[in-house]
Amino acid sequence: MEEKHTYDTQGTDLRWKRNLLFAGVFIQENKLHAVYDRYNEMSCKQWLLMAVCNAFDEPPDLSKIAEVMGCSRQNVKKLALALERDGYITLEKSAKDARALCIKKTSKGLRFSKESSELGSKVHEAMFQEFTEEEISQYYELSKKLMHGIDHLERFFKENGGLEKK
């Protein structure tokens, strides 16, 4: 008999659903990181940095990566230093801006990205095996709305001073 999770059986109240969806984003992220980190040679955040680098034609600088990843430049630099230490990338001064550090993949990093890309479709199949094609399309559209919601949340916190810190 298949085990039912609490989130499969709880109420139908809209407020409860919103609470679960909000908390669920964080829970899903934590679970995804834990699974990824347990079975792979680099952390999920390091993998994301490597994957984001693939979106650029030229080696991107730390600030561009931070913007795409939605985190601080300092966080990206910390991840990049670990990847550099492990031989996946090198950090080089930008030819366009001497203050900027660019991320350049080494041969080890390029090999990892190629292998990761080849494995990607199997990872996606495992992750989305319970989804129909229509549900994937719906989830994609809803995810775009959630990203807009995050923008709204940032504006809300800026205008209202965030949550009180005790």
Side-chain angles (χ1 to χ4, degrees), residues 2-10 17-56 58-92 100-132 135-151 153-154 157 162-163 165:
E2 189 174 326
E3 176 186 336
K4 282 285 188 185
H5 296 282
T6 304
Y7 46 79
D8 288 330
T9 59
Q10 290 298 314
K17 287 179 180 181
R18 283 183 177 168
N19 289 342
L20 178 66
L21 287 170
F22 186 78
V25 169
F26 299 104
I27 293 166
Q28 290 167 354
E29 178 188 20
N30 287 338
K31 286 182 150 198
L32 186 59
H33 282 223
V35 168
Y36 188 92
D37 294 354
R38 190 176 309 129
Y39 297 104
N40 292 285
E41 63 189 77
M42 68 176 60
S43 76
C44 193
K45 294 252 185 191
Q46 290 170 328
W47 167 84
L48 180 59
L49 186 152
M50 295 287 287
V52 167
C53 285
N54 292 339
F56 294 91
E58 299 197 14
D61 66 47
L62 298 179
S63 296
K64 286 180 186 172
I65 295 293
E67 183 181 333
V68 173
M69 287 179 64
C71 62
S72 70
R73 183 186 178 284
Q74 291 81 6
N75 190 10
V76 170
K77 187 170 184 183
K78 182 178 175 184
L79 294 169
L81 288 171
L83 288 168
E84 184 177 46
R85 181 192 65 232
D86 293 341
Y88 291 97
I89 65 164
T90 58
L91 292 171
E92 301 175 355
L101 283 176
C102 292
I103 296 174
K104 185 175 180 186
K105 290 184 183 179
T106 62
S107 58
K108 182 178 179 179
L110 292 168
R111 186 171 51 254
F112 174 82
S113 290
K114 183 178 185 293
E115 291 167 1
S116 180
S117 177
E118 291 169 356
L119 186 62
S121 62
K122 292 179 183 176
V123 169
H124 296 158
E125 284 174 29
M127 182 78 177
F128 296 106
Q129 66 183 325
E130 294 191 25
F131 288 73
T132 64
E135 289 170 331
I136 290 171
S137 293
Q138 290 170 342
Y139 187 59
Y140 175 77
E141 293 303 319
L142 292 170
S143 291
K144 290 190 318 188
K145 287 185 175 187
L146 187 58
M147 293 300 288
H148 291 293
I150 293 168
D151 294 338
L153 181 62
E154 183 167 20
F157 281 142
L163 299 174
K165 295 181 182 177

S43 side chain near D37 side chain, heavy-atom distance below 4.5 Å: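 In short, these two side chains touch, coming nearer than 4.5 Å.
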Partners passing salt bridge (Lys or Arg N to Asp or Glu O under 4.0 Å) against [X] (at least two apart in sequence or in another chain):
| X | result |
| --- | --- |
| E125 | none |
| K114 | E118 |
| K144 | E141 |

Could you pull out all residues at least two apart from E92 that satisfy side chain to side chain donor-acceptor pair (under 3.5 Å)?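 Scan of E92 (side chain to side chain donor-acceptor pair (under 3.5 Å), adjacent residues dropped) gives T90.
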Inter-residue atom distance [X].[atom1] - [Y].[atom2], 0.5 Å rounding:
| X | Y | atom1 | atom2 | value |
| --- | --- | --- | --- | --- |
| L91 | E84 | CG | CD | 4.0 Å |
| L48 | H33 | CG | NE2 | 7.5 Å |
| Q129 | M127 | CD | CE | 10.5 Å |
| Q138 | I136 | CD | CD1 | 10.5 Å |
| C44 | M42 | SG | CE | 11.0 Å |
| L142 | L21 | CG | CG | 9.5 Å |

Checking side-chain contact (heavy atoms from CB on, under 4.5 Å) for the pair E41/Y88: CA distance, chi angles, key distance, verdict? CA-CA 11 Å; E41 63 189 77; Y88 291 97; 2.2 Å; yes
Y36 vs W47 aromatic rings, parallel, tilted or perpendicular, using cut-offs 30° and 60°?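 Aromatic pair Y36/W47 classed tilted.
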Might you work through the side-chain contact (heavy atoms from CB on, under 4.5 Å) test for L146 and V25, ending with a clear yes or no? CA-CA 10 Å; L146 187 58; V25 169; 4.0 Å; yes
F56, CZ: over 12 other non-hydrogen atoms inside 6.0 angstrom: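 More than 12 within 6.0 Å, yes.
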With sequence neighbours left out, what residues match N19 under side chain to side chain contact (heavy atoms under 4.5 Å, CB included)?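 Listed in chain order: R15.
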One pair to check against side-chain contact (heavy atoms from CB on, under 4.5 Å): I89 and M50. What are the steps and the verdict? CA-CA 9 Å; I89 65 164; M50 295 287 287; 3.7 Å; yes
Side chain S143, main chain Y139, donor-acceptor under 3.5 Å: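 The answer is yes, because a donor-acceptor pair under 3.5 Å joins these two groups.
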In a table with atom names and distances, give each donor-acceptor pair under 3.5 Å that connects a side chain of residues 66-77 to protein atoms at least two apart or in another chain.
residue : atom : partner : partner atom : Å
S72     : OG   : N75     : N            : 3.0

If you look at every heavy atom in [X] and [Y], which pair is closest and at what distance?
| X | Y | result |
| --- | --- | --- |
| D61 | A100 | CB-CB, 4.0 Å |
| K108 | G87 | CB-O, 3.4 Å |
| A80 | L49 | N-CD1, 4.1 Å |

